[in-house]
Amino acid sequence: MNKKFYKCTTILLCLSNLILIGVVIFFNSEIGFVKVSGEFGPGYGFFYKKKDMHRIFYIDPVGERNLDRLSDEDFNELSEYCAALNEDNYWYKADCGPHFIKEVKRRETIKRVEIPEKIKSPHRFRLLGESEPYRNMPYIMHFDGETVKGITNENGETEEVYVADEDEDNIDIEIDWDAYFGKEVDEYSK
């Protein structure tokens with residue numbers, strides 16, 4: 001009796017493993033899980049996926065928000081969810097219908113609009129010593145991969161350069177002591 005019991009148990013375990021593997025393959029290929037943002041917190045649901053969608057867990061971040069208020073990251077999550085969602089599902093009509101398609105087109109047109117380069121405006125910088133400005137002093141200024149050599153005016157100001165406001169902190173200006181002590185000052189005023 002012991003051999004017959006072990007044989008039946010082994011066959012039963014093998015069959016249950018095959019059934020479990022079949023269920024996992026079915027869920028992996030046909031069913032997806034979605035985390036839905038809602039008015040009362042997150043909820044979870046099942047949906048039928050399109051063929052060849054291998055991801056199992058998706059996020060629907062819309063909740064009570066308008067699609068145009070979603071961040072790019074959340075909208076990408078919604079796009080992946082809509083791409084996997086079979087059109088026969090209720091959720092497809094709710095979240096991935098005409099409003100979603102309209103928002104996709106709106107976001108594509110926004111991406112196509114070229115963002116202008118940084119707007120550069122004229123700047124002068126005043127070089128100050130301990131108590132007095134550096135008047136008529138040669139200087140070297142580095143910004144945006146450029147090097148500008150010049151001489152400060154009577155107020156210790158550099159010549160006017162065009163720099164984006166946000167790059168103003170990335171400008172390196174130093175007194176050119178070699179020029180001050182060695183070379184002629186007229187070389188920089190050309």
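All residue numbers refer to positions in the sequence shown, counting from 1. Everything numeric in this text was worked out from a predicted model, so none of it was measured.
- Of all the heavy atoms in G156 and P133, the pair that sits closest is CA-CB, 4.0 Å.
- The CD1 atom of I21 sits 9.5 Å away from the OG atom of S16 when rounded to the nearest 0.5 Å.
- Here CG of L15 is found 12.5 Å from CG of L20. Values are rounded to the nearest 0.5 Å.
- R126 places none of its side-chain heavy atoms less than 4.5 Å from the side chain of Y134.
- With contacts defined as side-chain heavy-atom distances shorter than 4.5 Å, the pair F125/V161 qualifies.
- No side-chain heavy atom of I140 sits under 4.5 Å from any side-chain heavy atom of I173.
- Connection of W177 to M141 is established within a shared hydrophobic cluster, with ILVMFWY side chains joined at heavy-atom distances below 4.5 Å, either directly or through further cluster members.
- Put simply, the side chain of R135 never gets that close to the backbone of T152: no donor and acceptor are under 3.5 Å apart.
- Looking at N155, its side chain never comes within 3.5 Å of a backbone N or O of E157 through a donor-acceptor pair.
- In this structure, the side chains of C8 and I11 stay at 4.5 Å or more apart for every pair of heavy atoms.
- In this structure, CD on E73 lies 8.0 Å from CG on N76, to the nearest 0.5 angstrom.
- The CD atom of E80 sits 5.5 Å away from the CD atom of E77 when rounded to the nearest 0.5 Å.
- Of all heavy-atom pairs spanning F143 and I171, the tightest one is CB-CG1, 3.7 Å.
- Contact record, E159 with K149: OE1-O, 3.9 Å, taken as the closest heavy-atom pair.
- To the nearest 0.5 angstrom, I151 atom CD1 is 10.0 Å from D176 atom CG.
- Enclosure of atom CD in E146 by more than 12 non-hydrogen atoms of other residues, nucleotides or ligands within 6.0 angstrom is indicated.
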